[in-house]
Amino acid sequence: MQKILVSGGAGFIGSHTVLELLSAGYKVIVFDNLSNSNRESLERVQKLSGRTIEFHKIDLLDKESLGKLFRDQRFDAVIHFAGLKAVGESVEKPLLYYQNNVAGTLNLCECMIEAGLKQLVFSSSATVYGDPESSPIPEENPLKAVNPYGATKLIIENILRDLYQSDPEWKIALLRYFNPVGAHESGEIGEDPNGIPNNLMPFVTQVAVGQREKLRVFGNDYPTKDGTGVRDYIHVKDLAKGHLKALEKISGEKGLHVYNLGTGSGSSVIEVINAFEKATGLKIPYEITERRPGDAATCFADVSKAKRELGWSTEKDLYDMCRDAWNWQQKNPDGYPH
Ligand code: NAD
Ligand code: UFG
């Protein structure tokens with residue numbers, strides 16, 4: 001049985017991926033400092049899967065403890081989710097982001113080298129495309145950081161590329177996620193943002209559950225179908241499955257492989273609201289406000305490479321994403337119990 005070490009596995013995408021890994025028969029070891037997550041997510045994954053997860057509360061920056069984890073047992077691969085991800089916070093606290101995400105990843109890579117382990121799947125982001133000139137965006141598009149969070153992803157991608165150049169034994173997948181939303185269909189695990197959500201879907205579900213009065217739609221004068229921003233929303237379960245395909249790919253092939261993970265089609269904010277209303281039978285009150293600084297008009301993926309090389313494509317549509325996000329929110333109006 002292959003043993004996979006998952007960093008940040010208690011978080012939103014990590015917990016869903018851990019569940020898919022367990023269902024596929026992998027043994028999973030998670031470490032997380034729980035700075036943006038809750039141990040309860042993994043308890044629930046254990047219940048859903050009927051399998052146990054070995055958990056270690058370790059910070060990426062604590063190289064002593066991380067090194068010990070790698071000395072105590074052998075892993076077949078690492079999936080690296082751990083990182084801070086709030087764009088606004090990264091502008092206010094850039095050093096925190098560089099320290100946590102970049103220095104943390106350096107520690108992880110050093111521990112892997114000491115342990116002789118060279119298989120890594122990394123959570124990158126569509127943010128590395130900056131403000132894209134056109135969509136769909138292929139992997140070869142020029143890359144650009146437009147905020148410190150995005151810079152950390154770009155720097156880490158470059159570090160991993162250099163690492164592969166230095167030692168072609170490495171097997172690395174850089175997965176560029178578009179906009180992950182939704183939740184497991186059980187409603188037991190989902191996205192549990194701290195404070196006021198920055199992202200559209202959790203804001204919509206919090207309006208629906210009565211925690212927020214109305215949604216603000218950031219601008220309706222973009223050059224898009226209805227003037228509102230267009231994004232490639234991807235169901236977190238489809239995204240989780242993409243990680244298993246990436247693991248399979250790299251286990252059989254050395255190299256540095258880059259994949260967009262999205263649906264390949266864009267939805268506007270108004271389309272998300274309409275889909276949510278249709279999926280739930282609820283009305284989402286909203287007002288149009290100013291554009292949010294730094295937002296692109298349109299961003300969606302060219303997913304042909306992932307389809308061709310990984311044999312992966314999404315199965316769930318916007319309706320499923322809205323239904324499942326709402327199911328999770330309804331069952332857990334305040335997120336995981338703290
Ligand atoms: P999340 O915050 O739910 O999960 C990240 C996890 O990493 C959390 O459990 C957090 O406690 C942990 N963590 C953070 N810093 C750590 C550290 N120093 N040591 C140990 N653990 C640490 O976020 P998510 O949405 O699940 O995102 C997972 C990854 O995917 C992140 O790297 C994120 O940047 C990336 N990503 C997310 C999105 C998105 O919209 N959700 C889009 C593109 C890329
Ligand atoms: N939006 C609103 N109102 C809100 C929140 C968002 O109208 O309250 C709009 C935005 O203007 C945008 C769309 O909904 O048009 C999606 O916004 P999100 O914040 O959900 O997602 P973004 O695409 O802006 O950002 C996400 C991640 C970032 C990442 C970026 C690029 O949150 O971390 O994708 O990959 F950098």
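Between the side chains of Ser124 and Glu157, at least one donor N or O sits under 3.5 Å from an acceptor N or O. Side chains of Tyr177 and Ser123: a donor-acceptor N/O pair is present below 3.5 angstrom, by distance only. Defined by atom type and a distance below 3.5 Å, a donor-acceptor pair is missing between the side-chain atoms of Asn38 and Asp192. Between Glu54 and Gln73, the side chains place a donor N or O and an acceptor N or O closer than 3.5 Å (distance only, hydrogens not considered).
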- Query: Under the side chain to side chain contact (heavy atoms under 4.5 Å, CB included) criterion, do Phe178 and Tyr233 qualify, and how do the steps go?
  - Reply: CA-CA 7 Å; Phe178 281 67; Tyr233 299 94; over 6 Å; no
- Would Cys299 and Ile137 satisfy side chain to side chain contact (heavy atoms under 4.5 Å, CB included), going step by step from the backbone distance to the final call? CA-CA 8 Å; Cys299 176; Ile137 309 171; 3.9 Å; yes
- Go through the steps to decide whether Phe75 and Phe70 satisfy the test side chain to side chain contact (heavy atoms under 4.5 Å, CB included), and finish with yes or no. CA-CA 8 Å; Phe75 307 108; Phe70 279 91; 3.9 Å; yes
- Message: Set out, in order, the CA-CA distance, both residues' side-chain angles and the distance that settles side chain to side chain contact (heavy atoms under 4.5 Å, CB included) for Val236 and Val181, then state yes or no.
- Response: CA-CA 6 Å; Val236 64; Val181 297; over 6 Å; no
- Task: Please test Lys47 against Glu43 for salt bridge (Lys or Arg N to Asp or Glu O under 4.0 Å), starting from the C-alpha separation and ending with a verdict.
- Result: CA-CA 6 Å; Lys47 259 188 234 142; Glu43 295 296 331; over 6 Å; no
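Looking at Arg176 and Val128, their side chains come closer than 4.5 Å, going by heavy atoms from C-beta outward. Looking at Asp62 and Leu60, their side chains never come closer than 4.5 Å, going by heavy atoms from C-beta outward. Contact of the Val78 side chain with the Gln119 side chain is not registered, since no non-hydrogen atoms from C-beta on lie closer than 4.5 Å. Put simply, the side chain of Lys85 reaches to within 4.5 Å of the side chain of Asn36, judged on heavy atoms. Looking at Thr105 and Ile159, their side chains never come closer than 4.5 Å, going by heavy atoms from C-beta outward. Here the side chains of Ile113 and Trp170 are in contact, with some heavy-atom distance below 4.5 Å. Residues Pro285 and Leu215 are not in side-chain contact: their nearest non-hydrogen atoms beyond the backbone lie 4.5 Å or more apart. For the pair Leu69 and Ile58, the minimum side-chain heavy-atom distance is below 4.5 Å.
Atom NZ of Lys331 has more than 12 heavy atoms from other residues, nucleotides or ligands within 6.0 Å. Within a 6.0 Å radius of OH in Tyr286, no more than 12 heavy atoms belonging to other residues, nucleotides or ligands are found. Annotation for Glu248: atom CD counts as buried by contact number, over 12 foreign heavy atoms lying within 6.0 Å.
A continuous path of Ile, Leu, Val, Met, Phe, Trp and Tyr side chains, each step under 4.5 Å between heavy atoms, connects Val28 with Leu42, placing both in one hydrophobic cluster. Residues Leu143 and Tyr97 are members of separate hydrophobic clusters, defined by side-chain heavy-atom contacts under 4.5 angstrom among Ile, Leu, Val, Met, Phe, Trp and Tyr. Note: the hydrophobic cluster containing Val30 does not contain Leu108 (ILVMFWY, side chain heavy atoms under 4.5 Å, direct or indirect links). Transitive grouping of hydrophobic side chains (ILVMFWY, heavy atoms separated by less than 4.5 Å) brings Phe81 and Phe55 into a common cluster. No path of Ile, Leu, Val, Met, Phe, Trp and Tyr side chains, each step under 4.5 Å between heavy atoms, connects Val146 with Val102, placing them in separate hydrophobic clusters.
Closest of all the heavy-atom pairs between Glu139 and Val258 is CG-O, 3.6 Å. Of all heavy-atom pairs spanning Ala301 and Gly262, the tightest one is CB-CA, 4.4 Å. Heavy-atom minimum distance, Gly25 versus Met1: O-CG, 3.1 Å. Across all non-hydrogen atoms, the minimal contact from Leu84 to Ser35 is CD2-OG, 4.4 Å. Scanning all heavy atoms of the two residues, the minimum distance from Leu247 to Leu21 falls at CD1-CD2, 3.8 Å. Here the closest heavy-atom approach between residue Ser267 and residue Leu318 is recorded as OG-CD2, 3.7 Å.
Within the 3.5 Å criterion, the main-chain N or O of Tyr149 finds a donor-acceptor partner in the side chain of Asn147. Judged by distance alone, the side chain of Asn199 and the main-chain N or O of Pro202 form no donor-acceptor pair under 3.5 Å. Remark: side-chain polar atoms of Lys171 are paired, donor with acceptor, to backbone N or O of Ser251 under 3.5 angstrom. Of the possible donor and acceptor atoms, none in the side chain of Asp59 sits under 3.5 Å from a partner among the backbone N and O of Asn33. A side-chain donor-acceptor contact under 3.5 Å links Ser41 to the backbone of Ala10. For the pair Arg74 (side chain) and Ala115 (backbone), a donor-acceptor distance under 3.5 Å is present. A side-chain donor-acceptor contact under 3.5 Å links Asp76 to the backbone of Lys3.
With respect to the salt-bridge test (charged N to carboxylate O, under 4.0 angstrom), the residues Arg44 and Glu40 qualify. Taking the charged nitrogens against the carboxylate oxygens, Lys68 and Glu64 have no contact shorter than 4.0 Å, which rules out a salt bridge. Look at Glu277 and Lys283 and you find a salt bridge, because one of the NZ, NE, NH1 or NH2 atoms lies within 4.0 Å of a carboxylate O, short of that distance. Salt-bridge annotation for Glu287 and Arg216: absent, with no side-chain N of the basic residue lying under 4.0 Å from a carboxylate O of the acidic one. Salt bridge present: Lys237 and Glu185 bring a charged side-chain N and a carboxylate O closer than 4.0 Å. A salt bridge links Lys225 with Glu271: the closest approach of a Lys/Arg side-chain nitrogen to an acidic carboxylate oxygen falls below 4.0 angstrom. Using a 4.0 Å cut-off between charged nitrogen and carboxylate oxygen, Lys249 and Glu253 count as a salt-bridge pair.
Screening residues 19-32 for side-chain hydrogen bond (donor to acceptor under 3.5 Å, both in side chains) gives Asp32-Ser37 as the qualifying pairs, with residues at least two apart or on separate chains. Evaluation of the side-chain hydrogen bond (donor to acceptor under 3.5 Å, both in side chains) test over residues 289-308, restricted to residues two or more places apart or in two chains, returns Asp221-Arg291, Arg292-Asp295, Asp302-Ser304.
Between His257 and Tyr259, the ring-plane angle classifies as parallel under the 30° and 60° cut-offs. Between His80 and Phe122, the two ring planes are tilted [angle within 30° to 60°].
Results of the side-chain hydrogen bond (donor to acceptor under 3.5 Å, both in side chains) test with His235 over Thr263, Asp320, Asp324, Thr314 single out Asp324 as the only residue that passes.
For the atom pair OG (Ser49) and CG (Leu19), the distance works out to 6.0 Å, reported to the nearest 0.5 Å. In this structure, Ser135 OG and Tyr129 OH are separated by 10.5 Å, a value rounded to the nearest 0.5 Å.
By the salt bridge (charged side-chain N to carboxylate O under 4.0 Å, His left out) test, Lys144 pairs with no residue at all, sequence neighbours left out.
You'll find the ring centres of Trp328 and Tyr336 inside the 6.0 Å limit.
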